[in-house]
Amino acid sequence: MTDNIRGALFMVCSMICFAVNDAVIKSLGGVLPIFQTLAVRGGMVVVLLAILVMRSGWRVQELRRRDQMILLLRVAAEVGAAFFIVTALFNMELANMTAILQILPLTIPLAAFMFLGEPLGWRRLVAICIGFLGMLFIVKPGSDGFNIYSLFCLAAVICVTIRDLTARSLGAKLSSQEMSLFAAVGVFGAASVATMFEPWVAISLASWAALCGSSCAILLGYLVSVYAIRTGDVSFTAQFRYIGLIAALILGYVFFGEWPDRLALIGAAIIVGTGAFTLYRQRASRKVKPA
C-alpha cells in the first residue's frame, strides 16, 4: 500500500468522524442551548488535547509577537467557525450545511491569491466562480426556501478560510496539537462566558453520552486528518474530503429523515466537481518545473 493510498484512507476516516460529530451535535438541537453545547464539548476537547500536548511538548513560548497575534487571529476565527457551524446544525439540514462547507477548497486558494500573493491560474479562477454559482443553488437567495442559517454556513466558511491561512504561517513554529489546543481553549472560554446570558439546562445521561461521543469523534477526526496530510500528497488526499458529503447525506437521511431537494443536489455536485478540478489543477501546476 502506497503512502497516498494510506493518506486517502486516513482522510476518508477523518471526514466520516467529522460527519458523525456534526450529526451528534445536530441531535442535541432543541435539547441543549448552543453555548452550553459548545462549552461542555469544548471543555472535553481541551482536556484531551492538553494531554496530547503535554506528551509532545510546548513550543508556544518561542513565538515572536507577530506570530502571537496570528495565533490570536486563528483562535478568534475558530471561535467564530464553531458558533456559526453549531447554529447552522441546529437549524438546517445536515447535508446542505456540509455541502456549503465543501466550498472551502475553492475559497482557500482564492484567499491565498488575494492576501498572500500565491499564483492562481485562469482555469482555477473560472472553476472557483462556477463553484460559487453551485453554492447559490443550495442557499437559494430570494426564494421561499431560503434559510437565513445558510448565511451562517457562509460565515463559517470565511472563518475556516482565515483559520487555515493563519495555520500556514504557524505550521513550522507550532505543532498541530498546540494550535488546536489554543483554538479549543478559545471556544471553551467564549462559550462559557456566553452561557451566563442564557438559561443553563440540566444535561441528561443521553446528552452526556452524545457530548462525549462528539468530543471523541472530533478529536479522532482531527488526529486522523493530520496523519492524512503527513502520510500522502496533500493534493491527492484532499480530494477524498468529499466523502464527508456522502456521509452527511446518509446520516441525515437515516437519523433525521432529511434529503436535499434537486437544486441543492445539483449545487452540491457543482461544488464537488469544481473543487476536485481545482485540486487537480493545483497538483498539475506543482509538477510544472520552471525553465
Practice problem: Apply the test side chain to side chain contact (heavy atoms under 4.5 Å, CB included) to residues L38 and F188: give CA-CA distance (whole Å), side-chain angles for both, the deciding distance (0.1 Å), then the verdict. | Solution: CA-CA 7 Å; L38 286 173; F188 170 68; over 6 Å; no
Heavy-atom closest contact ([X] atom, [Y] atom, distance):
X	Y	answer
A23	L251	CB-CD1, 4.1 Å
S215	L48	O-CD1, 4.5 Å
A184	V45	CB-CG1, 4.0 Å
A156	I85	CB-CG1, 3.6 Å

Taking the side chain as C-beta and beyond, is there a heavy-atom pair between [X] and [Y] under 4.5 Å?
X	Y	result
L125	L110	yes
T37	I34	no
D22	M97	yes
S14	M11	yes
L28	S207	yes
I25	R41	yes
L89	L94	yes
V224	C17	no

With a 4.5 Å cut-off on side-chain heavy-atom distances among I, L, V, M, F, W and Y, is there a chain of contacts connecting [X] to [Y]?
X	Y	answer
I218	L52	yes
W208	V47	no
F197	V79	no
M44	L205	no
L104	M15	yes

Exercise. Give a yes or no answer on whether the side chain of S214 reaches the backbone of L211 with a donor-acceptor pair at less than 3.5 Å.
Key: no
Exercise. Mark yes or no for whether E178, through its side chain, and W58, through its backbone, hold a donor-acceptor pair below 3.5 Å.
Key: no
Quiz item: Could you go step by step and tell me if L106 and I103 meet the side chain to side chain contact (heavy atoms under 4.5 Å, CB included) rule?
Solution: CA-CA 5 Å; L106 305 177; I103 206 170; 3.7 Å; yes
Quiz item: Taking the inter-plane angle between the rings of F35 and F83 on a 0 to 90° scale, is it parallel (under 30°), tilted (30 to 60°) or perpendicular (over 60°)?
Solution: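 If you compare the ring of F35 with that of F83, the planes turn out parallel.
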Exercise. Applying ring pair (Phe, Tyr, Trp, His ring centres under 6.0 Å), name anything that partners Y222, two or more places apart in sequence or on another chain.
Key: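 Residues passing ring pair (Phe, Tyr, Trp, His ring centres under 6.0 Å) with Y222: none at all.
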Quiz item: Just wondering, are more than 12 heavy atoms of other shown residues or ligands nearer than 6.0 Å to CZ in F256?
Solution: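 Atom CZ in F256 is crowded, with more than 12 foreign heavy atoms closer than 6.0 Å.
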Exercise. Considering only Ile, Leu, Val, Met, Phe, Trp and Tyr, and joining two whenever side-chain heavy atoms are under 4.5 Å apart, list the other residues clustered with L72.
Key: M69
Quiz item: For S192 and T195, does a side-chain donor sit closer than 3.5 Å to a side-chain acceptor?
Solution: no
Inter-residue atom distance [X].[atom1] - [Y].[atom2], 0.5 Å rounding:
X	Y	atom1	atom2	answer
L73	I162	CG	CD1	6.0 Å
Q177	L219	CD	CG	9.5 Å
C153	Q102	SG	CD	11.5 Å
C159	L154	SG	CG	11.0 Å

Practice problem: Salt-bridge test for R6 and D3: reply yes if a basic N is under 4.0 Å from a carboxylate O, no otherwise. | Solution: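 Between D3 and R6 there is a salt bridge, with a charged N closer than 4.0 Å to a carboxylate O.
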Quiz item: Given F240 and F10, is the ring pair (Phe, Tyr, Trp, His ring centres under 6.0 Å) satisfied, shown in steps?
Solution: CA-CA 9 Å; F240 292 86; F10 284 139; over 10 Å; no
According to salt bridge (Lys or Arg N to Asp or Glu O under 4.0 Å), does anything in [range] pair up with another residue at least two apart or in another chain? List the pairs.
range	value
residues 43-55	none
residues 242-268	K26-E258, K140-D261
residues 200-224	none

Exercise. Carefully, step by step, assess L120 and M114 under the rule side chain to side chain contact (heavy atoms under 4.5 Å, CB included).
Key: CA-CA 9 Å; L120 184 65; M114 295 173 62; over 6 Å; no
Quiz item: Run the side chain to side chain contact (heavy atoms under 4.5 Å, CB included) check on I203 and Q36 step by step: do they pass?
Solution: CA-CA 10 Å; I203 304 177; Q36 183 178 352; 3.3 Å; yes
Quiz item: Which pairs pass side chain to side chain donor-acceptor pair (under 3.5 Å) with one or both residues in residues 73-98, sequence neighbours excluded?
Solution: E78-R163
Quiz item: Mind checking whether Y149 and F84 have ring centres under 6.0 Å apart?
Solution: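 No; F84 has its ring centre 6.0 Å or more from that of Y149.
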